[in-house]
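Comments concern the structure below.
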Amino acid sequence: MFEHVKAIPPDPILGLIAAHAADSNPKKIDLGIGVYRDEQGNTPMLDCVVKAEKILLETQTTKTYLGPPGVVGFNQAISALILGADNSALREGRVRTVQTPGGTGALRVGADLIHTVSPETEVWASDPTWANHLALFPGAGVTLHSYPYYDAETSSLRFEAMIEALQQRGPGDIVLFHACCHNPSGISPDPEQWQVIADTASARGFTPMVDIAYMGLERGVEEDCLAIRLFSEQCPELIFASSCSKNFAMYRERAGAITVVAEDSQKAAALESIIHNITRKNYSMPPAHGPAVVDIILHDDALKAQWLAELKVMRNRINGLRKTLSEKIAASGIQRDFSFIARQSGMFSFMGLSVEQVHRLRDEFAIYTVNSARVNVASFNESNMDYFIEALAAVLDE
Ligand code: LMR
């Protein structure tokens, strides 16, 4: 049966981890996968996570199965955090959250849910969007289309074209948004623009689905949840996939959740039962460790305050790196305008390089970015930035 199998190329983002690890150049830089790094190039555990893990170790008495919803306290805390504790959908019992293996797991369960309850439904995602969205939705049997989003000429949002496209959507369609830190462009709608998007969703009747993988890393936890809160107030139905990988620096623990908001509590309960059926057929139950840690942090005032402070340090560092990088590029004599880097947010920006230039960065300078020239800004530091700018000047021929 395996006679004819042929290897397929590695995932465009994950493949870079191995290629970078195998490179012996001491100056190598990994600008690929979206992982936060400190000035020393490490991805440390947060102190609040280490403390909560100690509490967990001292207090847990069993590792028996938790059941389909996973860690119930985590589900409650994460939906209240994102929707806001006084959210009307929450008060009306119209929200259900089920823990999943990471944010990708949440997206896949969400895509399976869409395909199960409405096999004809299709999804529209921003152009461009996270590369894995392009594989994940069709992988679940859901057709994916795109709407205009990023203007490569001006490195900014094509807001009018986006709204025009959203006005073509209607009941039975799903439109996928990134709540903050748009991956891969680094450009998000501003609060007024989110309001127009929510008004459009409400007027046209399509169902918003939101990927919230970087909450707290753009402007702050409350601010970064704005889109979801607006949708939850204005639209009868909403799906969102959340992740604790980046904001709790718990990447490998795979802590995520799928949340559905339905028109009434009966429909919400029905959707929850279908989600449980989907997860049972796939992986039975989600892993508990990461969400149990988040559960402890979000239910302890001191640990939660510490988490918010540690998250702020990461956010400020990324924003500081954006400013420094754009200033240093301008001061280096490179003529092309890279000032957009400072105006964007989150981990990623497009450098506007051709695939050939990206390969030159890799082959001649041991600098790894995905072929789209998306860079992870959080990978820069004082000691690698100048080397990157030299390499950039060389491949730009400036
Ligand atoms: C990224 O886009 O680099 C991150 O979301 C990590 C991943 O799994 O691709």
Side-chain angles (χ1 to χ4, degrees), residues 8-21 28-38 41-43 100-111 125-140 144 146 149-150 176-188 209-218 224 240-258 286-287 290 311 314-315 317-318 321-322 341 344-351 353 358 361-362 367-380:
I8 56 169
D11 174 88
I13 297 175
L14 301 186
L16 290 177
I17 301 176
H20 173 264
K28 66 183 177 179
I29 315 177
D30 180 2
L31 300 176
I33 193 153
V35 163
Y36 174 82
R37 294 190 174 91
D38 63 14
N42 300 321
T43 305
T100 53
T104 307
L107 286 164
R108 177 62 198 234
V109 171
S126 60
D127 175 23
T129 193
W130 182 40
N132 209 20
H133 287 154
L134 305 178
L136 188 150
F137 283 92
L144 194 65
S146 66
Y149 191 83
Y150 176 70
L176 178 67
F177 300 95
H178 300 228
C180 55
C181 303
H182 184 267
N183 179 3
S185 75
I187 297 160
S188 299
M209 177 168 186
V210 186
D211 184 350
I212 178 157
Y214 294 84
M215 177 193 57
L217 287 167
E218 181 166 319
D224 293 355
F240 61 89
S242 55
S243 167
C244 299
S245 295
K246 332 275 172 174
N247 45 21
F248 283 83
M250 288 214 302
Y251 306 86
R252 65 177 64 167
E253 299 298 354
R254 312 311 296 134
I258 179 78
L311 184 56
M314 293 194 278
R315 177 170 69 243
R317 174 174 157 72
I318 296 172
L321 286 167
R322 288 185 165 280
I341 296 172
Q344 297 173 350
S345 55
M347 287 194 186
F348 307 113
S349 280
F350 277 130
M351 297 304 288
L353 304 177
V358 165
L361 281 180
R362 202 175 303 175
I367 294 174
Y368 291 80
T369 82
V370 273
N371 280 348
S372 61
R374 182 197 81 165
V375 295
N376 174 14
V377 179
S379 285
F380 288 112

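In listed order, ligands and their atoms are each counted from 1. The shown structure was predicted, so the numbers you read here are calculated from the model rather than taken from an experiment.
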Give the numbers and elements of all ligand 1 atoms closer than 4.0 Å to a heavy atom of [X].
X    : value
F348 : 1 (C), 2 (O), 3 (O)
I13  : 2 (O), 3 (O), 9 (O)
N183 : 1 (C), 2 (O), 5 (O)

Test item, Y251 contacting ligand 1 (heavy atom, 4.0 angstrom):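 Heavy atoms of Y251 never come under 4.0 Å of ligand 1.
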
Heavy atom of I33, distance to ligand 1 below 4.0 Å: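 Right, I33 reaches ligand 1.
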
Heavy-atom side-chain proximity of T104 to R108 below 4.5 angstrom: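 With C-beta onward as the side chain, the pair stays apart.
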
Nearest neighbour of atom 2 (O) of ligand 1 from the list M347, K246, R374, on a heavy-atom basis: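 Comparing heavy atoms across M347, K246, R374, the nearest one to atom 2 (O) of ligand 1 lies in R374.
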
Atom 7 (C) of ligand 1 [closest protein heavy-atom partner, distance rounded to 0.1 Å]: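 Residue, atom and distance for the closest contact: W130 CZ2, 3.7 Å.
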
Contacts of L311 that satisfy side chain to side chain contact (heavy atoms under 4.5 Å, CB included) - sequence neighbours left out: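 Scan of L311 (side chain to side chain contact (heavy atoms under 4.5 Å, CB included), adjacent residues dropped) gives L217, V221, N247, W307, M314, R315.
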
Short N or O distance, G34 and ligand 1, threshold 3.5 Å exclusive: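 Between G34 and ligand 1 (N or O atoms, distance only) the closest approach is under 3.5 Å.
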
Heavy-atom pair of closest approach, residues W130 and P184: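 Residues W130 and P184, closest heavy atoms: N-CD, 4.1 Å.
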
H182 vs Y150, ring pair (Phe, Tyr, Trp, His ring centres under 6.0 Å): CA-CA, chis, key distance, verdict: CA-CA 10 Å; H182 184 267; Y150 176 70; 8.2 Å; no

side-chain hydrogen bond (donor to acceptor under 3.5 Å, both in side chains) partners for T129, two or more places apart: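 side-chain hydrogen bond (donor to acceptor under 3.5 Å, both in side chains) list for T129, sorted by chain: H133, H178.
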
Separation between CD of E218 and CE of M347, rounded to the nearest 0.5 Å: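 Rounded to the nearest 0.5 Å, the CD-CE separation comes to 12.5 Å.
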
